[in-house]
Amino acid sequence: MPHRSLEAIFANNQRWAEAIKSEQPDFFKTLAEQQSPDFLWIGCADSRVPANEIMGLLPGEVFVHRNVANVVVHTDFNCLSVIQYAVDVLKVRHIIVTGHYGCGGVRAALENRSMGLIDNWLRHIKDVYIHHQRLFDHLDTEEACDLLCELNVCDQVAHVCHTTIVQDAWKRGQHLTVHGLVYSLEDGILHDLAVNVSGMAEISTIYRMYSDQDMLDRLPSHRRRQLRDSPDTLR
Ligand SMILES: [Zn+2]
């Protein structure tokens, strides 16, 4: 691919803005006035994985956080601040953690070479590997890389759910579902990893900030009676 200059970027930008304005004259006026996205996207910083385009959404429709290998770390105030603002202020209804096959960060985590500071970040993905190590028996390198891309998404979905931000939202009855997807660079298709979580009862007890009783007290009385009759519902 030829190198592009910054001048080309400005020229592209002019064309893009004019094309949008000719299709929807009020687009930028509306955009400047407010954003009310339904989605928070947490994805990889990889230049081949642009959130809006993949989902067919326009600016203003998705709030985006990206880092190398779409990792959610409990002490990363950058990511936590994005989640908090998206959930508490923008009131997004879906948080989508999206990985992608062929992720360089995930591949590097499977190897034993040093690339500098980023090695420390990729330790979080090595942790995912260690947690699920037995699943990697008998896989070749490519299969292992694909599986780790998928498992990394599943673990990061759990990390999102374990934050106080998401649990506080569930406690006050806010509708919020956390999803895990993986994107294929080869055909541009998103795959659902079926790790959708939309309530406290779906996460491991050790990570819950509120007891079953706290949650039970919040429910309407008929639901409380129903759950009391089948105590296994709230694990
Ligand atoms: Zn990546």
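Residue numbers run from 1 in the order of the sequence given.
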Peer 1: Do Thr98 and Asn70 have side chains that get closer than 4.5 Å, going by heavy atoms?
Peer 2: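 Thr98 does not reach Asn70 side chain to side chain.
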Peer 1: CG/Leu151 to NE2/His132 distance, rounded to the nearest 0.5 angstrom?
Peer 2: 5.0 Å
Peer 1: Measure the shortest side-chain to side-chain distance between Ile54 and Pro50 over non-hydrogen atoms and say whether it is less than 4.5 angstrom.
Peer 2: yes
Peer 1: With a 3.5 Å distance limit and no angle check, can you tell me whether Trp121 reaches the backbone of Val68 through a side-chain donor-acceptor pair?
Peer 2: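 Such a contact is found between Trp121 side chain and Val68 backbone.
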Peer 1: Gln133: which residues meet the side-chain hydrogen bond (donor to acceptor under 3.5 Å, both in side chains) condition with it, sequence neighbours left out?
Peer 2: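 For Gln133 there are no side-chain hydrogen bond (donor to acceptor under 3.5 Å, both in side chains) partners, ignoring immediate neighbours.
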Peer 1: Check for me, please, whether Leu80 and Leu176 land in the same ILVMFWY cluster - side-chain distances under 4.5 Å, paths through other members count.
Peer 2: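 They do share one cluster, since a chain of ILVMFWY contacts under 4.5 Å joins Leu80 to Leu176.
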Peer 1: Using 0.5 Å steps for rounding, measure from the CE atom of Met200 to the NZ atom of Lys171.
Peer 2: 8.0 Å
Peer 1: With sequence neighbours left out, write down each residue that passes side-chain hydrogen bond (donor to acceptor under 3.5 Å, both in side chains) with Tyr101, or none if nothing qualifies.
Peer 2: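 For Tyr101, the residues satisfying side-chain hydrogen bond (donor to acceptor under 3.5 Å, both in side chains) (neighbours in sequence not counted) are Glu150.
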Peer 1: Can you list everything that forms a side-chain hydrogen bond (donor to acceptor under 3.5 Å, both in side chains) with Glu23? Sequence neighbours excluded, please.
Peer 2: none
Peer 1: Got a sec, which residues hit salt bridge (Lys or Arg N to Asp or Glu O under 4.0 Å) with Glu18, two or more places apart in sequence or on another chain?
Peer 2: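 Partners of Glu18 under the salt bridge (Lys or Arg N to Asp or Glu O under 4.0 Å) test: none.
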Peer 1: Tell me whether Phe63 shares a hydrophobic cluster with Ile165, the cluster being built from Ile, Leu, Val, Met, Phe, Trp, Tyr side chains joined at under 4.5 Å.
Peer 2: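 Looking at the clustering, Ile165 is in the same group as Phe63.
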Peer 1: Enter the distance from Ser198:OG to His179:NE2 here, rounded to the nearest 0.5 Å.
Peer 2: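 These two atoms lie 8.0 Å from each other.
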Peer 1: Spell out, as yes or no, whether a donor-acceptor pair under 3.5 Å connects the side chain of Arg4 to the backbone of Ile9.
Peer 2: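 Not at all, since once roles are kept as given, no pair shorter than 3.5 Å links the two residues.
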Peer 1: Identify the two heavy atoms, one from Ser184 and one from His191, that lie closest to each other, and give their separation to 0.1 Å.
Peer 2: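 Looks like CB-NE2, 4.4 Å.
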Peer 1: Suppose we screen for side-chain hydrogen bond (donor to acceptor under 3.5 Å, both in side chains). Which residues come up paired with Arg134, at least two apart in sequence or across chains?
Peer 2: none
Peer 1: Within the 3.5 Å criterion, strictly below it, is a donor on Asn12 or Arg15 matched to an acceptor on the partner's side chain?
Peer 2: yes
Peer 1: Nearest heavy-atom pair of Ala51 and Val64: which atoms, and what distance?
Peer 2: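 What the structure gives for the nearest pair is CB-CG2, 3.9 Å.
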Peer 1: Report yes or no: do His74 and His162 form a side-chain donor-acceptor pair below 3.5 Å?
Peer 2: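 Their side chains do not contain a donor-acceptor pair, so the 3.5 Å distance test is not met.
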Peer 1: Please name the pair of heavy atoms, one in Leu90 and one in Pro37, separated by the smallest distance, quoted to 0.1 Å.
Peer 2: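 In this case the closest contact between Leu90 and Pro37 is CD1-CG, 4.0 Å.
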Peer 1: Are Phe136 and Val106 co-members of a hydrophobic cluster defined by side-chain heavy atoms under 4.5 Å apart?
Peer 2: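 Same hydrophobic cluster.
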Peer 1: Out of curiosity, Leu40 CG to Ile95 CD1, how far, rounded to the nearest 0.5 Å?
Peer 2: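 So the CG of Leu40 and the CD1 of Ile95 are separated by 5.0 Å.
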Peer 1: Please check if atom CD in Glu186 has more than 12 non-hydrogen atoms from other residues, nucleotides or ligands closer than 6.0 Å.
Peer 2: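 No, the 6.0 Å shell around CD holds no more than 12 heavy atoms from other groups.
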Peer 1: Looking at every heavy atom in both Phe28 and Ala17, which two are closest together, and how far apart are they?
Peer 2: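 Smallest interatomic distance, heavy atoms only, reads CE1-O, 3.7 Å.
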Peer 1: Identify the two heavy atoms, one from Val87 and one from Ala169, that lie closest to each other, and give their separation to 0.1 Å.
Peer 2: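 Closest approach of Val87 to Ala169, heavy atoms only: CG1-CB, 3.6 Å.
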Peer 1: Quick one: are Leu181 and Met55 in side-chain contact, heavy atoms under 4.5 Å?
Peer 2: no
Peer 1: Please check: side-chain N/O of Asp119 versus main-chain N/O of Met115, any donor-acceptor pairing under 3.5 Å?
Peer 2: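 Side chain of Asp119 to backbone of Met115, a donor-acceptor pair under 3.5 Å: yes, one is there.
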Peer 1: How close do Phe39 and Glu61 get, counting heavy atoms only, and between which atoms?
Peer 2: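 For Phe39 versus Glu61, the nearest heavy atoms are CD1-O, 3.7 Å.
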Peer 1: Mark yes or no for whether Lys126, through its side chain, and Glu111, through its backbone, hold a donor-acceptor pair below 3.5 Å.
Peer 2: yes
Peer 1: Are more than 12 heavy atoms, taken from residues, nucleotides or ligands other than Lys91, located less than 6.0 Å from that residue's NZ atom?
Peer 2: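 For Lys91, atom NZ is crowded (more than 12 foreign heavy atoms under 6.0 Å).
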Peer 1: Once you round to the nearest 0.5 Å, how far does CG of Leu147 lie from CG of Leu139?
Peer 2: 6.0 Å
Peer 1: Let's go through Val49 and Leu185 carefully: what are the C-alpha distance in whole Å and the side-chain angles of both, what is the deciding distance for side chain to side chain contact (heavy atoms under 4.5 Å, CB included) to 0.1 Å, and is it a yes or a no?
Peer 2: CA-CA 8 Å; Val49 192; Leu185 294 173; 4.1 Å; yes
Peer 1: Do any N or O atoms from the side chain of His159 and from the backbone of Val72 form a donor-acceptor pair under 3.5 angstrom?
Peer 2: yes
Peer 1: Give the intermediate values and the outcome of side chain to side chain contact (heavy atoms under 4.5 Å, CB included) for residues Tyr183 and Val153.
Peer 2: CA-CA 11 Å; Tyr183 172 69; Val153 170; over 6 Å; no
Peer 1: Ignoring hydrogens and angles, tell me if any N or O in the side chain of Asn120 forms a donor-acceptor pair with the backbone of Leu117 under 3.5 Å.
Peer 2: yes
Peer 1: Look at the side-chain heavy atoms of Ile, Leu, Val, Met, Phe, Trp and Tyr, link any pair under 4.5 Å apart, and say whether Val92 and Ile96 land in one connected group.
Peer 2: no
Peer 1: Which value, rounded to the nearest 0.5 Å, describes the distance between Phe10 atom CZ and Ser5 atom OG?
Peer 2: 10.0 Å
Peer 1: Let me see the working for Cys79 and Val73 under side chain to side chain contact (heavy atoms under 4.5 Å, CB included), right down to the final yes or no.
Peer 2: CA-CA 8 Å; Cys79 184; Val73 181; over 6 Å; no
Peer 1: Donor-acceptor pair, Asn152 side chain versus Ala69 backbone, under 3.5 Å?
Peer 2: yes
Peer 1: Would you confirm whether Gln156, through its side chain, and Ile42, through its main-chain N or O, come within 3.5 Å as a donor-acceptor pair?
Peer 2: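 No; judged by distance alone, with no hydrogens or angles, the pair does not exist.
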Peer 1: According to salt bridge (Lys or Arg N to Asp or Glu O under 4.0 Å), who are the partners of Glu142, at least two apart in sequence or on a separate chain?
Peer 2: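 Residues passing salt bridge (Lys or Arg N to Asp or Glu O under 4.0 Å) with Glu142: Arg107.
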Peer 1: Is there a path from Ile83 to Val197 through hydrophobic residues (I, L, V, M, F, W, Y) whose side chains come within less than 4.5 Å of each other?
Peer 2: yes
Peer 1: Taking atom types as modelled, is there a side-chain donor on Thr177 or Asn196 under 3.5 Å from an acceptor on the other?
Peer 2: no
